[in-house]
Amino acid sequence: MMKLHEHQAKGVFADAGIPTPSSQLATSVEEAVDAADSIGYPVAIKAQVHVGGRGKAGGIKLVEDEAEARSAADAILGMDLKGLTVDSVLVEEAVDFTDELYVGVTMDRSAGKPVAMVSARGGVDIEEVAAEAPEAIVREHIDPAFGMHPYQARQAAFDAGLGEVATDVARVLSTLYDLWAAKDATSIEVNPLMVTADNEIIAADAVMNVDDDALFRHDDLEAMEDEAADDDLERKANQYGFDYVRLSGNVGIIGNGAGLVMTTLDIVDYYGGAPANFLDIGGGAKAERVANALDMVFSDENVDSIVFNIFGGITRGDEVAKGINEALGQFETIPKPVTVRLAGTNASEGREILNTELVTVEETLESAVQDAVENAEGTN
Amino acid sequence: MMKLHEHQAKGVFADAGIPTPSSQLATSVEEAVDAADSIGYPVAIKAQVHVGGRGKAGGIKLVEDEAEARSAADAILGMDLKGLTVDSVLVEEAVDFTDELYVGVTMDRSAGKPVAMVSARGGVDIEEVAAEAPEAIVREHIDPAFGMHPYQARQAAFDAGLGEVATDVARVLSTLYDLWAAKDATSIEVNPLMVTADNEIIAADAVMNVDDDALFRHDDLEAMEDEAADDDLERKANQYGFDYVRLSGNVGIIGNGAGLVMTTLDIVDYYGGAPANFLDIGGGAKAERVANALDMVFSDENVDSIVFNIFGGITRGDEVAKGINEALGQFETIPKPVTVRLAGTNASEGREILNTELVTVEETLESAVQDAVENAEGTN
Amino acid sequence: MSVLVDDDTRVVVQGITGGEGSFHAQQMIEYGTNVVAGAVPGRGGETVHDVPVYDTLATATTEHDANAVVVFVPPAFAGDAMFEALDTDVDLVVSITEGVPQQDMARVYRRLGETDTRLIGPNCPGIITPGQAKLGILPGNIFESGNVGLVSRSGTLTYQVVDNLTQRGIGQSTAIGIGGDPIIGTDFIDALELFENDPATDAIVMCGEIGGEDEEAAASYIDQNVSTPVVGFIAGRTAPPGKRMGHAGAIVSGSGTGTAESKIAALDDAGVPVGDTPSAVADFVEETL
Amino acid sequence: MSVLVDDDTRVVVQGITGGEGSFHAQQMIEYGTNVVAGAVPGRGGETVHDVPVYDTLATATTEHDANAVVVFVPPAFAGDAMFEALDTDVDLVVSITEGVPQQDMARVYRRLGETDTRLIGPNCPGIITPGQAKLGILPGNIFESGNVGLVSRSGTLTYQVVDNLTQRGIGQSTAIGIGGDPIIGTDFIDALELFENDPATDAIVMCGEIGGEDEEAAASYIDQNVSTPVVGFIAGRTAPPGKRMGHAGAIVSGSGTGTAESKIAALDDAGVPVGDTPSAVADFVEETL
């Protein structure tokens, strides 16, 4: 799931005709101050990182003059927000509002169809509203065969009690749905959608997440992706074509198949270890992919030991073993201890081939994980 | 139903990526010869009028050199083709072909859904093929909820026996369907779709008819409409917002409601007369609309008498009568005899009001038609 | 007895604040139709002819336990309005609007097939059960309660035929204007089936016109399934091929399908007498009864 | 006995000329699956592994009276391929393809609900009835015929669990990989119902993972409707919220739905023992039988 930054999503929304505040992206304090001066005070200075609750974490500041703008930009740029460094801020016109609404579209996976949502209680985390007062969110399921009918958008807005602004909000919701469908979004939302004293509406924030599997037909969005990636290793995984998630532990995990890799993580935890990552190299086990995967995990400073867990299905275990030997042979020294567990077709043949000078070989998933956990503990 | 000219439809198809021969539109012999020279011989010179069977009627000529181009353009420009004057010709690269195919999309009204059609027997009137060898046309119904799936286009092309060019033809058919849906077409076709010796395909003709009722959302097509209208009176009817069809007789007919006007035509015929037109002024009977309708029919040189048949439903007959009096009062002299028949709500009150110095009043549809038919005969 | 609508029909008018909607809502009310509510976005809380208006059709139908909707909205929005009406699960939707884009209607028709709702129209005058209820724009005063069921693709032609019947003292059980568009919700066969099963209908008048093949299909249906006597009329005998005669659906194709000859021949084959004029239709009905 | 596939299943492979399609068609044939034809546009008339190839799926299924289709086409074309397969009216479609865009799948799922066809997948390893037929990419050699039904959202995890079972001499009636995507054709409940009604299945293993609420729904279904003993496994206990763990469907939402805790608790409440490791799952199955 590719997340667009706020400023990217706002660009997409504005192009589709949704009103947004004037804003400029800035990557330095000077740029931010210049932007604030040209927009006119008060402005909001907003960290562009993919972190929920930016505001509470100090990533959004409202400033009244140049001096405040300078100090806010200085504080936010370079700030660490939940592990991510802030490289850019959006400097944005501060909007006077009387109400904050929520509008969004997402996939309801249990229904197998999209759902549009409207709430008069925007401006706070909508999932909190959903938990506390589910009736405050109006949901309208959309038939993917026909798309969202205009009446559905109106019905959602009127049912949410939006009265005078209902038809304008309905128009925004229709546009959001059209974007959702046209851009292969997985979720899209405006929170808050601000209502001004004279009943103008304006999108004060913008969220848009796009289906990775559909990026092939959206060159424009794919071009935003590099910019949007937040983590060096995740960017690298993208290049290698791995499914990769960084975690906080020190046991590196490589395996084939999402369910099996997740299970390996869980078993690391079960034996008292802490997984450093999820890395699925997918089907097959060509030497190059094995080498790339090891390269990634070796280069993660947090990793102290690695468990390499392959269940050879159609792929034969002896071929996997050759791939591992070849891949590890490319390293002059093995920087971190690697425990390999090979199972499935021709697994015993594979285990015999594996170069035990480079890796430790274990027969079962459980023993391999235990070995890797012990290795990781030993380094501390 | 708005018909695009061949050159207009080809422009739309070419913009969508369908290969078309190089061509230029010409409205004078000199332009046509220049176009032919620049395209290079042989070229086809094709009358741009909305008449089926242009070729057979002499509206299409293949020419080998400048002299032939000049004489062909001279012959075709200004030519009368089934009652329509040829104002422009399309000068087009002549394509060497080995096969002529047919591809099209239309609405199957009895199924309530579009149908895509492919035939290996293009280049002739497809309706003749349908009559003689219906199995030579492959039909694939499209679900309007999902649009045409790519597999359906391929299936139609393979089932039509197109072999090596099937996937290319399928691509053209998919594009035609997308155009059909995006442009609110009622029917769209390429006949012939030529296949060259090296299996290139190229659209040698182009037909596209658009739903009048959907023109409001297609400014680009609406702009082509004036250019495409063939008949002065039909253009005028468009301006006035009347449903109007010109016919070949001399009894002008004005009425309210399509079924009733058609019936009036039929009864004119039943009593030995010949209808000059179909003109439905629609609901209500405001003086201005009545005057416009009379103006149209008076200005038709073929009309010798007029029957004005109104069934007042919700509209009251006395109001209709006032409208007719007012409208006719605007003329200094009534140029052609008008017979009025008023029925329905307050019809008798209406009949009393009608100014019998201007019009003849009849009580029944049959007697009104008989009077008008007699008037028309009297003038001959 | 009657078909589809009667004194118990509870009607919501979509677009009741518009010119057409307001005028005809009043006419319907005056005729005695039970118009329980109107629906117009942004006009919720108002009243029109003492009828309460709601912002959404769902609220209007739910609040008033309505079972029928009449659609009076401009053609560009009529497709949406019909989807909205279908999604309320009322029994009957009558769409008066003329000029609905054909492809919008194809999508509505696709959805219609998945629901239990009956749609009449679009581009139709509506339905009337004389003395009980009318949903649409038919002029109530020309109708008389009686035993002839009438189904027609045309509006004013229907009035003409009804006028001819009423003037001879022949009343109508129910009259249904199914509409002049190429794609419509209720077709001749649906209406014939309803009248065939209605004990109060002793004869049926079917007014067809050029275009399509619905009359031919109806003729074959009558031949197989209808015991009630049917009298026919076909408008457009003099229409040239390739020209749309007012109604979007009234067009003889270049290949000669949809002609009046074909339809009249089919009805003849099914034993249905076809009048040359509306008064000839009334003659046949008179003979039949 | 078995569910869905057996010796009589007649399979067409869509995309049989591609790398994956060709390789796995061969594997299926070697396993004994009755692969009757392939379908690839433009490759009609060829043969692959002695199996005839057709340009269209409709021709392939009709010519060979096939009742199942396996989809091996690239993700960009898989939605179209599934629509094509659904429109042939075969009984079973198994879609192996990983990476089908979610919105394509939502449309397929909408259409699926109108048909009588069962879809397994996409993004799944397929289905196997050991000793009879396999449709998909599961490694046949690790399976043994037996009396345990297995349903799983994951591929290699399934192999791991099956391996643990087989090594203890516990065979399988049928194993169904339902796939790791958010929208899939056959879900846990469908599979549980099939196994519950299969006399040859004496115990069921259900391997779930984080994301969505299908496991919770399945737990409640088991509680109400399943008398066959069920053993559970849930992958992803250590997955952080908001991160997709490989499978498009394996994601815990920011609001905390889709967690392993919730799923394990639901299964516990339904009396389903949940193993901490795959071998613990095999322990529970062994105790059950």
Side-chain angles (χ1 to χ4, degrees), chain B residues 1 50 52 107 109-110 112-114 125-128 130-131 143-145 180-181 184-186 211-214 216-217 243-249 255-263 265-270 274-275 278 280 282-283 310-315 343-345 347 364-366, chain C residues 23-24 27 75-76 99-107 109-111 125 137-139 141-142 152-160 163 180 182-183 207 209-214 217 233 235-240 242-251 253-256 260 276-279:
Chain B
M1 186 183 65
H50 294 138
M107 183 69 85
R109 54 189 282 178
S110 55
K113 57 176 76 166
D125 187 345
I126 198 65
E127 286 166 344
E128 284 174 23
D143 182 341
W180 187 87
D184 276 297
T186 53
D211 184 357
D212 290 325
D213 291 332
F216 69 87
R217 54 191 175 203
D243 281 321
Y244 176 85
V245 177
R246 183 203 262 284
L247 299 162
S248 56
N256 66 330
L260 187 60
V261 178
M262 269 191 278
T263 300
L265 266 63
D266 294 350
I267 297 177
V268 166
D269 178 72
Y270 180 76
F278 170 103
D280 177 7
I310 297 287
F311 198 108
I314 299 298
T315 314
T345 319
T364 70
L365 175 52
E366 287 81 355
Chain C
F23 176 75
H24 289 291
Q27 295 281 324
V100 179
Q102 205 174 98
Q103 297 196 15
D104 292 4
M105 194 54 211
R107 286 158 51 89
Y109 188 75
R110 168 66 162 84
R111 175 79 188 115
I137 62 173
L138 307 116
N141 59 305
I142 63 170
S152 173
R153 274 168 69 183
S154 163
T156 46
L157 173 60
T158 310
Y159 312 160
Q160 173 70 50
D163 202 42
I183 304 176
C207 295
E209 63 187 32
I210 52 162
E213 298 176 3
D214 278 8
F233 183 80
R237 300 171 185 223
T238 48
K243 295 287 186 180
R244 165 178 155 169
M245 305 302 275
H247 285 166
I251 180 165
S253 81
S255 59
D276 286 327
T277 64
S279 51

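The figures here come from the full heavy-atom set of this structure, side chains too, leaving out hydrogens, waters and symmetry mates. Each chain gets a letter, A, B and so on, in the order its sequence line appears, and its residues count up from 1.
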Between [X] and chain C, with a heavy-atom cut-off of 4.5 Å, which part of the residue counts as in contact: side chain, backbone, both or neither?
{"X": "Ile126(B)", "value": "neither"}
{"X": "Asp143(B)", "value": "side chain"}
{"X": "Asp266(B)", "value": "both"}

When [options] are compared by non-hydrogen pairs under 4.5 Å with chain B, the top option:
{"options": "Cys207(C), Pro75(C), Ser152(C), Gly249(C)", "value": "Gly249(C)"}
{"options": "Gly236(C), Ser154(C), Ala76(C)", "value": "Gly236(C)"}
{"options": "Arg107(C), Met245(C), His247(C)", "value": "Met245(C)"}

*Check whether any side-chain heavy atom of Asp213(B) lies under 4.5 Å from a side-chain heavy atom of Met105(C), and answer yes or no.*
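Counting from C-beta outward, Asp213(B) and Met105(C) never come under 4.5 Å.
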
*With no hydrogens and no angle check, is any side-chain donor or acceptor of Asp211(B) less than 3.5 Å from a backbone partner on Gln102(C)?*
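Yes, the answer is positive, given that a donor and an acceptor are paired below the 3.5 Å cut-off.
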
*Within the side chain of Thr156(C), is there an N or O that forms a donor-acceptor pair under 3.5 Å with the backbone of Phe311(B)?*
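Not a single qualifying donor-acceptor pair exists.
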
Tell me which of these, [options], has more heavy-atom pairs under 4.5 Å with chain C than the rest.
{"options": "Ala343(B), Ala181(B), Gly344(B)", "result": "Ala181(B)"}
{"options": "Ala185(B), Ala130(B), Pro275(B)", "result": "Ala185(B)"}
{"options": "Val261(B), Asp212(B), Val268(B), Asp243(B)", "result": "Asp243(B)"}
{"options": "Thr186(B), Asp184(B), Asp269(B), Ile267(B)", "result": "Asp184(B)"}
{"options": "Ala131(B), Gly257(B), Ser248(B)", "result": "Gly257(B)"}

*Without hydrogens or angle criteria, can the side chains of Glu366(B) and Ser279(C) be said to hold a donor-acceptor pair below 3.5 Å?*
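Yes - a donor-acceptor pair under 3.5 Å links their side chains.
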
*Would you give the length of the straight line joining atom CG of Asp214(C) to atom CZ of Arg109(B), rounded to the nearest 0.5 angstrom?*
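One gets 7.0 Å once the value is rounded to the nearest 0.5 Å.
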
Non-hydrogen atoms of [X] and [Y] that approach each other most closely:
{"X": "Glu209(C)", "Y": "Gly259(B)", "result": "OE1-CA, 4.1 Å"}
{"X": "Arg217(B)", "Y": "Pro101(C)", "result": "NH2-CB, 3.2 Å"}
{"X": "Arg244(C)", "Y": "Val245(B)", "result": "O-CG2, 3.5 Å"}
{"X": "Trp180(B)", "Y": "Gln103(C)", "result": "O-NE2, 2.8 Å"}

For [X], is it the side chain, the backbone, both, or neither that has a heavy atom closer than 4.5 Å to a heavy atom of chain B?
{"X": "Arg111(C)", "answer": "neither"}
{"X": "Tyr109(C)", "answer": "side chain"}
{"X": "Gln160(C)", "answer": "both"}

